[in-house]
Structure formats: structure tokens, C-alpha cells
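Remarks on the structure that follows.
Worth saying up front: this structure is predicted, and the values here are computed from it rather than measured.
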Amino acid sequence: MTWDNLPGLETLDLSFVAKVDLPLGDIEANRTRSISGSYQDGFNVPCLQNNCAHTEMSGIGETTGTQWISGKFQKVNGGFGILKALNDGKEPTGRNPFGSSFKQVVWNIYEDSGKVETTMFFRICKTIPFIGRTCSPYFIGPVPFIEYREKDPIVLGEPNSLP
């Protein structure tokens, strides 16, 4: 049996996976096809500043040409409730492809070698009696995570909204 004949393959949604296409350094500015952000701001936060180091993605459909911005340079709103006040309510831009336990953040980008280093950032969550659940922004880190090279697959996770 070939892949073409595998039942259900044509309807399988693989848009949560992409490929690292092109790591681009800090001279990049004003990127608008972002797939990074936060739960609070959404995951398509454009980088409207002079330093928008990012890695471009390639993949299925509209994924090609989207940009995962480096959280080393772009901060977004994060957290909720009382603990939102920690770190001035800011966290590095990124994604949560493995759930809400931590945030994966593109950190160091090496254009010359085509390498991208990602890190993890964590947050503090508490349930306060009579008030409810509260969480800080993801600001505890960076903790080294996965290193990618051009053409490596990368999990984007959900939500997979594209700009």
C-alpha cells in the first residue's frame, strides 16, 4: 500500500506541524504574518518595531511564509487575575504547542548556520478562595528547550489561526 492509498489521509489536518524554513536575524522589521503571541493577545501578534528577528515557516497551505517572532525582542500581554501584575503583565511572544504548562519561545537565531534555539518560559498559577484562579504571565525563564535547523519539522500546536 502506498501513502496515496491510505484511507483518510487526504482529510487529515496536519496544519499543527510546519517546517523551519528560514531563520532571519535582528535587522528584520515590521513583520505582519506572525503566528506567535499569547493567550491574551492571540497568536497572530504583528511585530511592529525595528527588531523582529524570527523564523519563517513553510508547510501546508497558508502556513508558508508565516513568522514565529523571537520572544527575546517582542513582549506581549500575559497572565490574568491578580497575578497578571507580575512582570508588568508582559511575557515573551511565543506559542503553547504542548499545552499551558509552559510557553515555547523562539530565542536565539543564527542566520549563518540556519539554527534556531527555543526556550521554555513558565508561570505561577494559584486559586484564591472566593476570588478564583489567577496566573502570572509566562516570564520565568528562559530554560533551554529544542534547537532546530532549517527544514526541521516544528510543532505549532493549537490554536492554528493564520494571519
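F80 and T134 get closest at one heavy-atom pair: O-OG1, 2.7 Å. Between P153 and Y148, the shortest heavy-atom contact is O-CE2, 3.5 Å. Considering every non-hydrogen atom in both G78 and Q40, the closest pair reads CA-OE1, 3.3 Å. In terms of heavy-atom proximity, P97 sits nearest to Q104 at CG-OE1, 3.2 Å. Between E150 and P23, the closest heavy-atom pair is OE2-CD, 3.3 Å. Residues G94 and K103 come closest through the heavy atom pair N-CE, 3.4 Å.
Rounded to the nearest 0.5 Å, atoms OG1 (T118) and CD (E147) are 9.0 Å apart. Put simply, OH on Y39 and SG on C135 are 10.5 Å apart, with the number rounded to the nearest 0.5 Å. Rounded to the nearest 0.5 angstrom, W68 CH2 and T66 OG1 are separated by 10.5 Å. One finds the CD atom of Q74 at 6.0 Å from the OG atom of S34 (value rounded to the nearest 0.5 Å). Here N30 contributes atom CG and N50 contributes atom CG; the two are 7.0 Å apart, rounded to the nearest 0.5 Å. For the atom pair R133 CZ and C125 SG, the distance stands at 4.0 Å (nearest 0.5 Å).
Residue V106 is grouped with residue V143 when hydrophobic side chains (ILVMFWY) are merged at heavy-atom distances under 4.5 angstrom, including chains of intermediate members. Linking ILVMFWY residues whenever their side-chain heavy atoms come closer than 4.5 Å, directly or via other members, leaves F73 and F145 in distinct clusters. Residue L48 is not grouped with residue V76 when hydrophobic side chains (ILVMFWY) are merged at heavy-atom distances under 4.5 angstrom, including chains of intermediate members. A continuous path of ILVMFWY side-chain contacts below 4.5 Å connects L86 to I140, so both sit in one hydrophobic cluster.
Here the side chains of I35 and M57 are in contact, with some heavy-atom distance below 4.5 Å. Residues I69 and S36 are in side-chain contact: their nearest non-hydrogen atoms beyond the backbone lie under 4.5 Å apart. Within the 4.5 Å cutoff, the side chain of K90 has no heavy atoms near those of the P137 side chain. Considering only heavy atoms from C-beta on, L83 comes within 4.5 Å of K126 through its side chain.
Within a 6.0 Å radius of NZ in K19, other residues, nucleotides and ligands contribute 12 heavy atoms or fewer.
When atom types are taken as modelled, the side chain of S58 and the backbone of T64 share no donor-acceptor pair closer than 3.5 angstrom. The backbone N or O of F43 sits nowhere less than 3.5 Å from a side-chain atom of D41 that would complete a donor-acceptor pair. Between the side chain of Q67 and the backbone N or O of R33 there is at least one donor-acceptor pair closer than 3.5 Å. Between the side chain of Y138 and the backbone N or O of S100 there is at least one donor-acceptor pair closer than 3.5 Å. The backbone N or O of A29 lies less than 3.5 Å from a partner atom in the side chain of R31, making a donor-acceptor pair. Proximity of a side-chain donor or acceptor of K75 to a complementary backbone N or O of G89 within less than 3.5 Å is not detected. Side chain of R95 to main chain of L156: a donor-acceptor pair is present (N/O by atom type, distance under 3.5 Å, no hydrogens or angles). For D21 (side chain) and K151 (main-chain N/O), no donor-acceptor pair under 3.5 Å exists by modelled atom type. Judged purely by atom type and a 3.5 angstrom limit, T93 has no side-chain atom pairing as donor or acceptor with the backbone of G71. Side-chain atoms of S70 do not come within 3.5 Å of backbone N or O of A53 as any donor-acceptor pair.
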Please list, one pair per line, the donor and acceptor atoms closer than 3.5 Å that link side chains of residues 107-114 to other protein atoms, with sequence neighbours excluded.
residue : atom : partner : partner atom : Å
N108    : OD1  : K72     : NZ           : 2.6
N108    : ND2  : E117    : OE1          : 2.9
E111    : OE2  : G25     : N            : 2.8

